[in-house]
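Because the structure is a prediction, the values reported are computed rather than measured. Whatever order the structure lists them in is the order used to number ligands and atoms, beginning at 1.
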Amino acid sequence: MKPQGVLIAGNWKMNHTPKETEVFFEKLKIGIQSLDALAKASLDNEQIRVCVMPPMLCLQTALTKTKNMKVTIAAQNVHFEKKGAFTGEVSGPMLSELGINTVLIGHSERRHYFGETNETVTKKINSLLSQGFHIIACIGETKAERQHQETESVLKKQLDAIISDQALSQSQSLVIAYEPVWAIGTGLTATTKQVEEAHGFIRSVLTNKFANKSGNIAAQKISILYGGSVTVENFADLLHCENVDGGLIGGASLKPENMIEFIKIAARSSS
Ligand code: 13P
């Protein structure tokens, strides 16, 4: 049983058009309605939480389609400024007016393809926390960094950047997603041993950070998600790992029937 429940977060990346978004949520709704009593109760009491991150252009459709559903719609990215000359960007106030209050920040694809750094990620987190958002912040090492035994130093550096004083004081709004870059979209899932080691290390860094603030309890309460080739086949094993509080799921989250399966797996694992 996970103290903070299980979070199933689907990151669609640049997939699904607005029409496909409609169809996805219609199917998801039917799937949720036909869940057994245990899974339904877990959604109702928020022991299992479902979050879907469609592309910006599909957010409105997703919000409309999920009006009466226990599903959070989140954005995959956001700018740290509230407005201004930043062509192609989207701000917190724009998202919040739409009804979005959760954002993904620092995904490795944003870091690798769009030049985001620990610095810009920190700016975004601090700005969005002060705008009242919930944040899923991504960290993770590359294949070369793992091969050079740098996994822990990379994670520590990323966490040092992310966990500012502001993040410490608003930790209830923060979720950390550990996504080893080499496992993303490659079909290579980290082994449960690698996952437990990384998540245990992340938890220990968080605990140290909170030592002089609100204490261990706050560190324990931060959910740590695993991401990187999560499938309906490996999700149960991943959820059994200590300090894994859910999944950040890319490719496999694009099918509503998989999302239903993830909910069922989470319900079984927390019963
Ligand atoms: P995949 O599940 O497709 O490997 O993607 C993981 C991911 O990057 C989720 O944010």
Specify the protein heavy atom at minimum distance from atom 2 (O) of ligand 1: its residue, its atom name, and the distance to 0.1 Å. Gly250 N, 2.9 Å
Assigning hydrophobic clusters by single linkage (Ile, Leu, Val, Met, Phe, Trp, Tyr; side-chain heavy-atom cutoff under 4.5 Å), is Ile263 placed with Val52? yes
Please write down residue, atom name and distance for the protein heavy atom closest to atom 4 (O) of ligand 1. Gly185 N, 2.6 Å
Looking only at protein heavy atoms, what sits closest to atom 5 (O) of ligand 1 is Lys13 NZ, 3.2 Å
Please report whether ligand 1 has a polar contact with Ile184, defined as an N or O pair separated by less than 3.5 Å (distance criterion only). no
What are the atoms of ligand 1, with element, lying closer than 4.0 Å to any heavy atom of Ala183? 4 (O)
Is there a donor-acceptor contact under 3.5 Å from the side chain of Gln158 to the main chain of Ile139? no
Pairs of nitrogen or oxygen atoms closer than 3.5 Å, one from Glu179 and one from ligand 1: do any exist? yes
Answer yes or no: is there a donor N or O on one side and an acceptor on the other, between the side chain of Ser127 and the main chain of Lys124, under 3.5 Å? no
Any N/O of His107 closer than 3.5 Å to an N/O of ligand 1? yes
Going by side-chain heavy atoms closer than 4.5 Å, which hydrophobic residues are tied to Leu104, directly or by a chain of links? Leu7, Met53, Ile136, Val175, Leu225, Leu248
Heavy-atom contacts with Gly251 under 4.0 Å: which atoms of ligand 1 show up? List them by number with element. 1 (P), 2 (O), 3 (O)
Those atoms of ligand 1 less than 4.0 Å from some heavy atom in Ser229: 1 (P), 2 (O), 4 (O)
Under 4.0 Å to a heavy atom of Asn11 - the qualifying atoms of ligand 1, by number: 9 (C), 10 (O)
For Gly228, counting its heavy atoms only, list the atoms of ligand 1 lying under 4.0 Å from any of them. 4 (O), 6 (C)
Parallel, tilted or perpendicular: which one describes the rings of His16 and Phe24, with boundaries at 30° and 60°? tilted
In terms of ring plane angle, is the pair Phe262 and Phe235 parallel, tilted or perpendicular, where the classes change at 30° and 60°? perpendicular
I'd like to check which ligand 1 atoms, numbered from 1 as shown, lie under 4.0 Å from a non-hydrogen atom of Leu248. 9 (C), 10 (O)
Does the side chain of Pro54 come within less than 4.5 Å of Leu59's, by heavy atoms? yes
Hphob cluster co-occupancy, Val103 + Ile222, side-chain heavy atoms under 4.5 angstrom: yes
